[in-house]
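What follows is a set of notes on a single structure, which appears directly below.
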Amino acid sequence: MHRLEADGLLVSERQVADGRARRVYRATEAGWQALAEDRAALKEPAREVLGDDAL
């Protein structure tokens, strides 16, 4: 998560819930774009392994 944040793909903020500090992450626009690109790149190999019906 830290690397993704350093790369600008995520942002985080510290929140307190039920007396506990937690770090909450959210994808940036660049993060959503990278996710879309990675999903597209994995479609063909997944189709080859799992078959057309699995996707």
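Given the structure is predicted, the values throughout are model-derived calculations rather than measurements.
Distance CZ/R23 to CD/E13: 9.0 Å, rounded to 0.5 Å.
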Please tabulate, for the side chains in residues 1-8, all donor-acceptor contacts under 3.5 angstrom to protein atoms that are two or more places apart in sequence or on a different chain.
| from | atom 1 | to | atom 2 | distance (Å) |
| --- | --- | --- | --- | --- |
| R3 | NE | D7 | OD2 | 3.4 |
| E5 | OE1 | S12 | OG | 3.3 |
| E5 | OE2 | S12 | N | 3.3 |
| E5 | OE2 | S12 | OG | 2.7 |

Worksheet entry | Chi angles and distances behind the side chain to side chain donor-acceptor pair (under 3.5 Å) call for Q33, E37 | CA-CA 6 Å; Q33 182 63 37; E37 291 170 5; 3.1 Å; yes
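Contact detail for R14 and A21: the closest heavy-atom pair is NH2-CB, 3.3 Å.
With a 4.5 Å cut-off on side-chain heavy atoms, R39 and K43 do not count as touching.
Grouping the Ile, Leu, Val, Met, Phe, Trp and Tyr side chains by contacts below 4.5 angstrom, directly or via other members, places L9 with Y25.
Residue Q15 qualifies as enclosed at atom CD: its count of foreign heavy atoms under 6.0 Å is above 12.
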